[in-house]
Amino acid sequence: MIPAASPALQPAAAPHAGAPDWKRLWREAVRDPRELLGLVGLPQLAARMSDAAAAQFPLRVPRGFVARMRHGDPHDPLLRQVLPLDEEERVVAGFGLDAVGDAAARAGAGVIRKYRGRALLVATGSCAVHCRYCFRRHFPYAEETAAAQGWREAVALVAADASIEEVILSGGDPLSLATAKLAELSSALAAIPHVVRLRIHSRLPMVLPERVDAELLAWLRALPWPVAFVLHANHANEFDAQVDVALARLRDAGVGLLNQAVLLRGVNDSVDALAALSARAWAAGVLPYYLHQLDRVAGTAHFEVPDEEARALHRALAARLPGYLVPRLVREVPGDTGKRPL
Ligand SMILES: *Cc1c(COP(=O)(O)O)cnc(C)c1O
Ligand code: SF4
């Protein structure tokens, strides 16, 4: 447990009535690595932190997520996902700035076209949490967000290409935008007959479940398409009662919930951790979708699990769980027509 800085940071039973405003909780996120270490009782880890890594990609983590970390455990799987360590400064061959070929697949401002029938919108560069392994940590967000200029260029691109059936809101985290901004986009897309599905990729219900508020739910309910919602949880400990409530509300609004995880050394690189993640996700009404091999992005090499080990873990997982709880083990390869199974 962390010492409660303010009563508003205690998990609320219901994120609606009297719940703290998500924007305020967003602003109050921990941004100072030393404060984070103090909150989890690990001041001695300061010696292993990297100011250079924190300057390149600053620490950011909502206090509710910090509260789910185990106090005094330097190997906590949630802490490891957010703490800027000196390992990030290591230069490793094969780890570059654009590991997934986003630059080549750019179709317009904030629009990435890689796979048939789907257009991915980099809705915004902002995230509530900064994940150290993120493949977008070097992405030139300033020029590249689809929400800039009222989504005009992105909507025009989608409208002009009748092969696009599905629009994927990604980022950054698209739910870091105000709901009114999302509604602006959905209204414009609703006028395009060939768009028949909407997908949202967001980590916010996991790291800041207060984001799933009445306004967001009303927007989701009113959308003219079935919505697939792809969460991002890497470890069972990321779930708690408040996350469960947020996810139940999303399901109640007619949203289909899937999870994608990244296979990460020191976070979820064991059969037990992966099986617990699938089981915990299912208990919250979420189907495992993808288990991604790490994108080889500069500063993330210490998170990598070699392919052979990844395959062995995946085989062991399949031998233990029902088929519907086994995510597909994939890697993103630039130029491929879809995620590549390992
Ligand atoms: C991953 C990805 C998608 C979605 O792929 P699915 O296999 O349908 O989940 C779409 N566009 C881009 C650019 C992607 O990287
Ligand atoms: S895009 Fe997703 S993985 Fe990357 S920092 Fe944001 S929330 Fe984390």
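Computed from a prediction, not measured in an experiment: that's the story for all the values here. Note that ligands are numbered from 1 as they come in the structure, with each ligand's atoms numbered from 1 the same way.
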Engineer: Check this for me: does any side-chain nitrogen of one of Glu304 and Arg296 sit under 4.0 Å from a carboxylate oxygen of the other?
Structural biologist: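 Between Arg296 and Glu304 there is a salt bridge, with a charged N closer than 4.0 Å to a carboxylate O.
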Engineer: Where's the contact between Glu332 and ligand 1, heavy-atom distance under 4.0 Å: side chain, backbone, both or neither?
Structural biologist: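 For Glu332, the contact with ligand 1 is made by the side chain alone.
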Engineer: Looking at Glu87 and Arg90, is there a salt bridge between them, counting it only when a charged N and a carboxylate O are closer than 4.0 Å?
Structural biologist: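 No, Arg90 and Glu87 are not salt-bridged.
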Engineer: Does the side chain of Leu204 come within less than 4.5 Å of Trp26's, by heavy atoms?
Structural biologist: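 A side-chain contact exists here, since the closest heavy-atom pair is under 4.5 Å.
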Engineer: Show the atoms of ligand 1 that are less than 4.0 angstrom away from any heavy atom in Lys114.
Structural biologist: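 That gives atoms 13 (C) of ligand 1.
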Engineer: If the cut-off is 4.0 Å to any non-hydrogen atom of Tyr289, which atoms of ligand 1 fall inside it?
Structural biologist: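 In order of numbering, the contacting atoms are 6 (P), 7 (O), 8 (O), 9 (O).
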Engineer: Quick one: does Glu166 get a heavy atom under 4.0 Å from ligand 1?
Structural biologist: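 Flag not set, Glu166 not near ligand 1.
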Engineer: Looking at Asp213 and Arg249, does any basic side-chain N land under 4.0 Å from a carboxylate oxygen?
Structural biologist: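 Salt bridge between Asp213 and Arg249, a charged N being under 4.0 Å from a carboxylate O: no.
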Engineer: At a 4.0 Å threshold, what atoms of ligand 2 neighbour a non-hydrogen atom of Arg203?
Structural biologist: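 Within the 4.0 Å cut-off of Arg203, ligand 2 contributes 7 (S).
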Engineer: Which residue holds the protein heavy atom closest to atom 7 (O) of ligand 1, what is that atom called, and what is the gap in Å?
Structural biologist: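 Looking at atom 7 (O) of ligand 1, the protein heavy atom closest to it is Tyr290 OH, 2.5 Å.
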Engineer: Under 4.0 Å from any heavy atom of Ile112, which atoms of ligand 1 are there?
Structural biologist: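 Heavy-atom distances to Ile112 below 4.0 Å select 13 (C).
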Engineer: Any chance the side chains of Ser50 and Glu89 put a donor and an acceptor closer than 3.5 Å?
Structural biologist: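 Yes, side-chain donor-acceptor contact under 3.5 Å.
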Engineer: Should you measure from each heavy atom of Tyr115, which atoms of ligand 1 turn up under 4.0 Å away?
Structural biologist: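 Contacts of ligand 1 toward Tyr115, numbered from 1: 1 (C), 2 (C), 3 (C), 4 (C), 5 (O), 10 (C), 11 (N), 14 (C).
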Engineer: Roughly how far, to the nearest 0.5 Å, is OG1 of Thr300 from CZ of Arg265?
Structural biologist: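 One gets 13.0 Å once the value is rounded to the nearest 0.5 Å.
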Engineer: Salt-bridged, Arg68 to Asp76, with N to O below 4.0 Å?
Structural biologist: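 Looking at Arg68 and Asp76, the cut-off is not met.
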Engineer: If the cut-off is 2.8 Å, does any N/O/S atom of Cys127 fall short of it from atom 6 (Fe) of ligand 2?
Structural biologist: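 Here the distance criterion (N, O or S atom, under 2.8 Å) is met by Cys127, so yes.
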Engineer: For ligand 1, indicate whether the residue Arg116 contacts it via side chain, backbone, both or neither (heavy-atom separation under 4.0 Å).
Structural biologist: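 Under 4.0 Å from ligand 1, Arg116 contributes no heavy atoms.
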Engineer: Would you say the side chains of Glu238 and Gln81 form a donor-acceptor pair under 3.5 Å?
Structural biologist: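 Distance-only check passes for Glu238 and Gln81.
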Engineer: Applying a heavy-atom cut-off of 4.0 Å, say which part of Val230 lies close to ligand 1: side chain, backbone, both or neither.
Structural biologist: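 For Val230, there is no contact with ligand 1 at all, from either part.
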Engineer: Below 3.5 angstrom, do we get any N/O pair linking Arg118 and ligand 1?
Structural biologist: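 Yes, there is a polar N/O contact under 3.5 Å.
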Engineer: What residue and atom, counting heavy atoms only, is the protein's closest point to atom 1 (C) of ligand 1, and at what distance?
Structural biologist: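 Here the closest protein heavy atom is Lys339 NZ, 1.7 Å.
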Engineer: As an exercise, identify every atom of ligand 1 less than 4.0 angstrom from a heavy atom of Ile168.
Structural biologist: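 Those atoms are 3 (C), 4 (C), 10 (C).
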Engineer: Could you list which atoms of ligand 2 come closer than 4.0 Å to a heavy atom of His232?
Structural biologist: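 Every atom of ligand 2 under 4.0 Å from some heavy atom of His232: 3 (S).
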Engineer: Is it true that Val129 lies under 4.0 Å from ligand 2, counting heavy atoms only?
Structural biologist: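 Val129 counts as a contact of ligand 2 under the 4.0 Å cut-off.
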Engineer: With Val167, which of Ile200, Ile192, Leu189 fulfils side chain to side chain contact (heavy atoms under 4.5 Å, CB included)?
Structural biologist: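 Result for side chain to side chain contact (heavy atoms under 4.5 Å, CB included) with Val167: Leu189.
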Engineer: Check this for me, if you would: do Arg80 and Asp73 make a salt bridge, where the nitrogen-to-carboxylate-oxygen distance has to be below 4.0 angstrom?
Structural biologist: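 Answer for the salt bridge query: no.
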Engineer: In the protein, what heavy atom is nearest to atom 12 (C) of ligand 1, and what distance, to one decimal place, separates them?
Structural biologist: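 Ranked first by proximity to atom 12 (C) of ligand 1 is Leu120 CD1, 3.6 Å.
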Engineer: Got a sec: does the CD of Glu35 have more than 12 other heavy atoms crowding it under 6.0 Å?
Structural biologist: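 Above 12, so yes.
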Engineer: By number and element, which atoms of ligand 1 are closer than 4.0 Å to a non-hydrogen atom of Arg199?
Structural biologist: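 By the 4.0 Å cutoff, the relevant atoms are 4 (C), 6 (P), 8 (O), 9 (O).
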Engineer: Checking Arg113 side chain against Tyr115 main chain: does a donor-acceptor pair fall under 3.5 Å?
Structural biologist: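 Such a contact is found between Arg113 side chain and Tyr115 backbone.
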Engineer: Could a heavy atom of Gln260 be found less than 4.0 Å from some atom of ligand 1?
Structural biologist: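 Contact absent.
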